Amino acid sequence: KTVYQNSFSSQPTDWTIFTSSGNAWSFSSPYQSMVGNGYGGSAPATTYLISPGIDLNGQVNPIMSFKLWTKYTDSGQPDPLEVLISTDYSGSGTPISSHWTRITDFTMPAIGSAVMTGSGNISLSAYNNQKIYVAYLYRSSGITSGTATTWELQGFKVRAKN
């Protein structure tokens, strides 16, 4: 059963973008994806793309999946994209004061690969009976070639067995 999904075939109205500096996440109509890219910005980028609250109350064996694509290398930013989960984010405004747990047990495309890569199934059972928010935190070390990667997100989905 699908608990929540967004294919990003249109500009998402239920996701929050919070940008501390530089370029914000943006919607790409031609690629039907959300894009994090610091290239050409006014400052190094720090920007969050945050899902709406996803209620896992009563869900059996919830799992999350999505697809990521990346190109270029940021020589000053070894972790340009992090996937985070929170149970105490308010649902709007700054995510900085909330507690976020980094998710690392999924398939990530190789830096600069330009290959759309499925995450695989990510267990959310640690969050059973809670409301979660998923954030994609994009950062760049600068705004020029060699200091910013491009990341695209597609096909976000949370499913459960019930």
Side-chain angles (χ1 to χ4, degrees), residues 1-8 11-27 33-38 41-70 74 76-111 117-142 147-162:
K1 151 186 163 184
T2 299
V3 178
Y4 175 85
Q5 72 178 359
N6 195 320
S7 64
F8 300 112
Q11 173 78 45
T13 57
D14 55 346
W15 286 63
T16 300
I17 296 172
F18 180 84
T19 303
S20 300
S21 65
N23 291 352
W25 280 92
S26 62
F27 171 69
S33 63
M34 292 302 292
V35 178
N37 184 0
S42 59
T46 300
T47 182
Y48 293 78
L49 175 66
I50 308 169
S51 75
I54 300 167
D55 188 355
L56 299 180
N57 191 29
Q59 303 301 332
V60 177
N61 296 325
I63 56 172
M64 172 175 68
S65 61
F66 49 84
K67 293 186 245 173
L68 291 171
W69 179 96
T70 183
D74 185 337
Q77 184 58 259
D79 282 327
L81 185 78
E82 292 183 47
V83 181
L84 309 166
I85 292 182
S86 177
T87 57
D88 66 355
Y89 178 61
S90 69
S92 64
T94 180
I96 295 167
S97 57
S98 300
H99 177 263
W100 294 90
T101 301
R102 185 173 182 182
I103 303 301
T104 58
D105 58 345
F106 65 92
T107 303
M108 185 92 131
I111 296 294
T117 304
S119 65
N121 292 331
I122 302 161
S123 174
L124 298 175
S125 60
Y127 301 97
N128 276 347
N129 298 313
Q130 298 179 69
K131 185 177 193 176
I132 64 165
Y133 293 86
V134 178
Y136 294 84
L137 170 57
Y138 171 83
R139 291 184 297 251
S140 70
S141 65
T147 67
T149 56
T150 299
W151 286 84
E152 293 184 15
L153 169 66
Q154 292 180 339
F156 180 89
K157 185 183 275 191
V158 174
R159 301 182 312 279
K161 288 202 173 180
N162 51 324

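Quick caveat, the model's predicted, so the values are computed rather than measured.
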Q. Taking the side chain from Ser33 and the backbone from Val35, do they hold a donor-acceptor pair closer than 3.5 Å?
A. no
Q) Taking all non-hydrogen atoms of both residues, which atom of Tyr138 and which atom of Gly36 are closest, and how far apart? A) CE1-O, 3.7 Å
Q: Taking atom types as modelled, find out whether Arg159 and Asn61 have a side-chain donor-acceptor pair closer than 3.5 angstrom.
A: no
**Q.** Close side-chain approach of Tyr127 and Ile85, heavy atoms under 4.5 Å
**A.** yes
(Q) Determine whether a donor-acceptor pair (N or O, by modelled atom type, separation under 3.5 Å) exists between the side chain of Asn162 and the backbone of Gly58. (A) yes
Q: Flag the pair Arg139 and Glu82 as a salt bridge only when some basic side-chain nitrogen lies within less than 4.0 angstrom of an acidic carboxylate oxygen.
A: yes
Q | Main-chain N/O of Ser125 paired with Ser123 side-chain donor or acceptor, under 3.5 Å | A | yes
Q) Which value, rounded to the nearest 0.5 Å, describes the distance between Gln59 atom CD and Lys1 atom NZ? A) 4.0 Å
Q: Taking all heavy atoms of Gln130 and all of Ala126, pick out the closest pair and write down the distance.
A: NE2-O, 3.5 Å
Q. Just by modelled atom types, is the Pro44 backbone N or O under 3.5 Å from a matching donor or acceptor in the Ser21 side chain?
A. yes
(Q) Within the 4.5 Å heavy-atom criterion, are Asn6 and Asp14 side-chain neighbours or not? (A) yes
Q | Partner set under salt bridge (charged side-chain N to carboxylate O under 4.0 Å, His left out) for Asp79, not counting sequence neighbours | A | Arg102
Q.
Could you report the tightest heavy-atom contact between Asn23 and Gly41, atom names first, then the distance?
A. OD1-CA, 3.1 Å
Q: For the residue pair Gln77 and Ser141, confirm or rule out a side-chain donor-acceptor distance under 3.5 Å.
A: no
Q. Partners of Ser26 by side-chain hydrogen bond (donor to acceptor under 3.5 Å, both in side chains), sequence neighbours excluded?
A. none
Q. Between Phe18 and Ile96, does a side-chain contact (heavy atoms from CB on, under 4.5 Å) hold up when you go through it step by step?
A. CA-CA 10 Å; Phe18 180 84; Ile96 295 167; 3.9 Å; yes
For a quick test of your reading: what N or O donor-acceptor pairs under 3.5 Å do the side chains of residues 45-54 make, sequence neighbours left out?
residue	atom	partner	partner atom	Å
Thr47	OG1	Thr19	OG1	2.8
Thr47	OG1	Trp25	N	3.3
Ser51	OG	Val134	N	2.9

Q) Which distance, rounded to the nearest 0.5 Å, do you find between the CD of Gln5 and the NZ of Lys157? A) 4.5 Å
**Q.** Under 3.5 Å donor-acceptor, Thr149 side chain and Asp74 backbone
**A.** no
Q.
With side-chain contact (heavy atoms from CB on, under 4.5 Å) as the criterion, how do Ile122 and Ile103 come out once you've worked through the C-alpha distance, each side chain's angles and the decisive distance to 0.1 Å?
A. CA-CA 9 Å; Ile122 302 161; Ile103 303 301; 3.9 Å; yes
Q: Any chance you could lay out the side-chain contact (heavy atoms from CB on, under 4.5 Å) test for Phe8 and Phe156, step after step, and finish with the verdict?
A: CA-CA 8 Å; Phe8 300 112; Phe156 180 89; 3.9 Å; yes
Q | Ile132: which of Thr101, Asp88, Leu124 passes side-chain contact (heavy atoms from CB on, under 4.5 Å) | A | Leu124
(Q) Students often mix this up, so state it plainly: with edges at 30° and 60°, are the rings of Phe106 and Phe66 parallel, tilted or perpendicular? (A) perpendicular
Q. Should the ring pair Trp100 and Tyr89 be called parallel, tilted or perpendicular, given that the plane angle runs from 0 to 90° and is split at 30 and 60?
A. tilted
Q: Please test Ser140 against Thr147 for side-chain contact (heavy atoms from CB on, under 4.5 Å), starting from the C-alpha separation and ending with a verdict.
A: CA-CA 6 Å; Ser140 70; Thr147 67; over 6 Å; no
**Q.** Test item: Asn37 side-chain N/O and Ala148 main-chain N/O as donor-acceptor pair under 3.5 Å
**A.** no
Q | Side chains of Tyr133 and Trp15 in contact at under 4.5 Å (non-hydrogen atoms) | A | no
Q) Heavy atoms, side chains only, cut-off 4.5 Å: are Leu68 and Met108 in contact? A) yes
**Q.** Minimum-distance pair of heavy atoms, taken over all atoms of Ser119 and Ser65
**A.** OG-CA, 3.3 Å
Q. For the atom pair OG (Ser7) and CD (Gln154), what is the distance rounded to the nearest 0.5 Å?
A. 8.5 Å
